[in-house]
Amino acid sequence: MSHEPGVAEPPTVRRTELQRHPASVPGRLIVQTLFEIPVGLASGRHRHPGEEVGFLIHGVIAMEFDDRPTLTIHAGEPFLIPPGVVHNARNITADVTTMMLSTYLVDETQPLVTPCD
């Protein structure tokens with residue numbers, strides 16, 4: 001892939017897996033990620049095959065759901081998303097990339113993230 005000199009690549013949402021281990025519950029995995037959402041972007045509607053326990057490190061997000069009101073989450077606040085709940089994390093900060101730490105307790109036979117278009 002090539003690009004013109006001096007032309008910046010467009011910002012993208014980035015999920016970095018920090019660790020992955022078998023859970024003490026048979027058939028479950030613990031996966032921890034650092035998730036970064038640039039200004040004006042969102043994670044996209046998706047779901048997970050287990051709980052997502054998160055903490056917003058930097059910025060403000062609107063956590064949008066199909067089946068419940070949107071939550072506004074500020075840096076320093078935790079959140080919990082139940083298994084299978086469709087959600088979308090939208091960066092609503094005017095000038096910074098949001099950063100969140102998410103830990104998942106998921107079914108080891110399923111993908112960590114399933115997009116929902």
Side-chain angles (χ1 to χ4, degrees):
M1 180 165 96
S2 65
H3 65 281
E4 295 177 40
V7 176
E9 293 293 317
T12 59
V13 173
R14 187 168 58 190
R15 178 182 282 114
T16 304
E17 188 172 302
L18 303 175
Q19 57 181 330
R20 176 183 291 252
H21 302 284
S24 60
V25 178
R28 305 296 269 183
L29 271 177
I30 298 170
V31 181
Q32 189 171 58
T33 65
L34 177 64
F35 197 57
E36 299 170 83
I37 306 173
V39 172
L41 296 182
S43 63
R45 292 175 63 251
H46 65 282
R47 65 177 177 257
H48 307 284
E51 292 83 354
E52 177 180 358
V53 180
F55 180 81
L56 192 61
I57 299 167
H58 194 66
V60 181
I61 62 169
M63 189 68 75
E64 303 164 344
F65 300 96
D66 283 5
D67 66 345
R68 61 195 74 187
T70 297
L71 292 177
T72 300
I73 304 168
H74 299 267
E77 295 180 344
F79 60 91
L80 173 72
I81 300 173
V85 170
V86 176
H87 58 286
N88 181 38
R90 182 175 307 283
N91 180 346
I92 58 173
T93 311
D95 57 355
V96 297
T97 294
T98 58
M99 294 177 66
M100 68 182 84
L101 182 65
S102 287
T103 302
Y104 307 89
L105 179 61
V106 294
D107 181 330
E108 68 184 4
T109 66
Q110 302 293 315
L112 179 61
V113 178
T114 301
C116 302
D117 295 326

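Sequential numbering from 1 along the given sequence is applied to the chain's residues.
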TODO: Using the salt bridge (Lys or Arg N to Asp or Glu O under 4.0 Å) rule, collect all pairs that involve residues 91-101, keeping only residues at least two apart or in two chains.
DONE: none
TODO: List, by chain and number, the other hydrophobic cluster members for Ile92, where Ile, Leu, Val, Met, Phe, Trp and Tyr join if side-chain heavy atoms come within less than 4.5 Å, directly or indirectly.
DONE: Val60
TODO: Check ring-ring contact (aromatic ring centres under 6.0 Å, His included) between Tyr104 and all other residues, then give those that pass, not counting sequence neighbours.
DONE: His48
TODO: Could I get the full list of side-chain hydrogen bond (donor to acceptor under 3.5 Å, both in side chains) partners for His74, not counting sequence neighbours?
DONE: none
- [ ] Not counting sequence neighbours, which residues clear side-chain hydrogen bond (donor to acceptor under 3.5 Å, both in side chains) with Arg45? List them please.
- [x] Asp66
TODO: Applying side chain to side chain contact (heavy atoms under 4.5 Å, CB included), name anything that partners Ala75, two or more places apart in sequence or on another chain.
DONE: none
- [ ] Kindly give the cluster partners of Val53, where membership spreads through any ILVMFWY side chain lying under 4.5 Å from a current member.
- [x] Leu80
Scan the side chains in residues 37-44 for donor-acceptor partners under 3.5 Å anywhere in the protein, sequence neighbours excluded, and list what turns up.
unit_1 : atom_1 : unit_2 : atom_2 : d
Ser43  : OG     : Asn88  : OD1    : 3.3
Ser43  : OG     : Ala89  : N      : 2.9

Open item on the list: If the condition is side chain to side chain contact (heavy atoms under 4.5 Å, CB included), which residues does Asp67 pass it with, not counting sequence neighbours?
Closed with: Phe65, Val85
Task: salt bridge (Lys or Arg N to Asp or Glu O under 4.0 Å) contacts touching residues 97-116 (sequence neighbours left out) - done: none
Task: Any side-chain heavy-atom pair of Leu34 and Met99 under 4.5 Å - done: yes
TODO: Taking salt bridge (Lys or Arg N to Asp or Glu O under 4.0 Å) as the test, write out the residues that go with Arg90, two or more places apart.
DONE: Glu64
Task: Inter- and intrachain pairs under salt bridge (Lys or Arg N to Asp or Glu O under 4.0 Å), touching residues 22-31, at least two apart - done: Arg28-Glu51
Open item on the list: Rounded to the nearest 0.5 Å, what separates atom OG1 in Thr98 from atom CD in Glu36?
Closed with: 8.5 Å
